[in-house]
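We're numbering straight along the sequence, starting at 1.
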Amino acid sequence: VMKSVLFAGATDPDGDDLFPTVLAINTSGSVGTAANPNCRLTPASIRAQTTTSENRLYAVNVRMSDSYGGSCVTTVKVCVLRDLASSSCA
């Protein structure tokens, strides 16, 4: 099951609207490409389940830009728990 990655909570110091661009999605050293079925860059989505005995941690590299040329790049971490008894991707 693939789930969209939504970005909320980012703010612009001038109050401008922000637009995310996903640059990469990494998990266990692999980059989101056609060769990796666990993630897609456009639209940003990740596999919301794991078939292994371990939790899955994604690192989503995203650029937030406003309409006036301002931007920043950050990494957002997304944890997919293997079951409800799991509590952390650490």
Those residues that, when tested against Phe7, pass side-chain contact (heavy atoms from CB on, under 4.5 Å) (two or more places apart):
Val5, Pro20, Val22, Val60, Val62, Val76

Show which side-chain atoms of residues 63-70 pair as donor or acceptor with protein atoms under 3.5 Å away, not counting sequence neighbours.
{"from": "Asp66", "atom 1": "OD1", "to": "Tyr68", "atom 2": "N", "distance (Å)": "2.9"}
{"from": "Asp66", "atom 1": "OD1", "to": "Gly69", "atom 2": "N", "distance (Å)": "3.1"}
{"from": "Asp66", "atom 1": "OD1", "to": "Gly70", "atom 2": "N", "distance (Å)": "2.8"}

Thr75 and Ala59: which non-hydrogen atoms are nearest, and at how many Å?
CG2-CB, 3.8 Å

For a 4.5 angstrom cut-off between non-hydrogen side-chain atoms, does Asn26 reach Asn61?
yes

Nearest 0.5 Å please: distance from the OH atom of Tyr58 over to the CD1 atom of Ile25.
8.5 Å

Who passes side-chain contact (heavy atoms from CB on, under 4.5 Å) against Asp14, sequence neighbours left out?
Asp12, Asp16

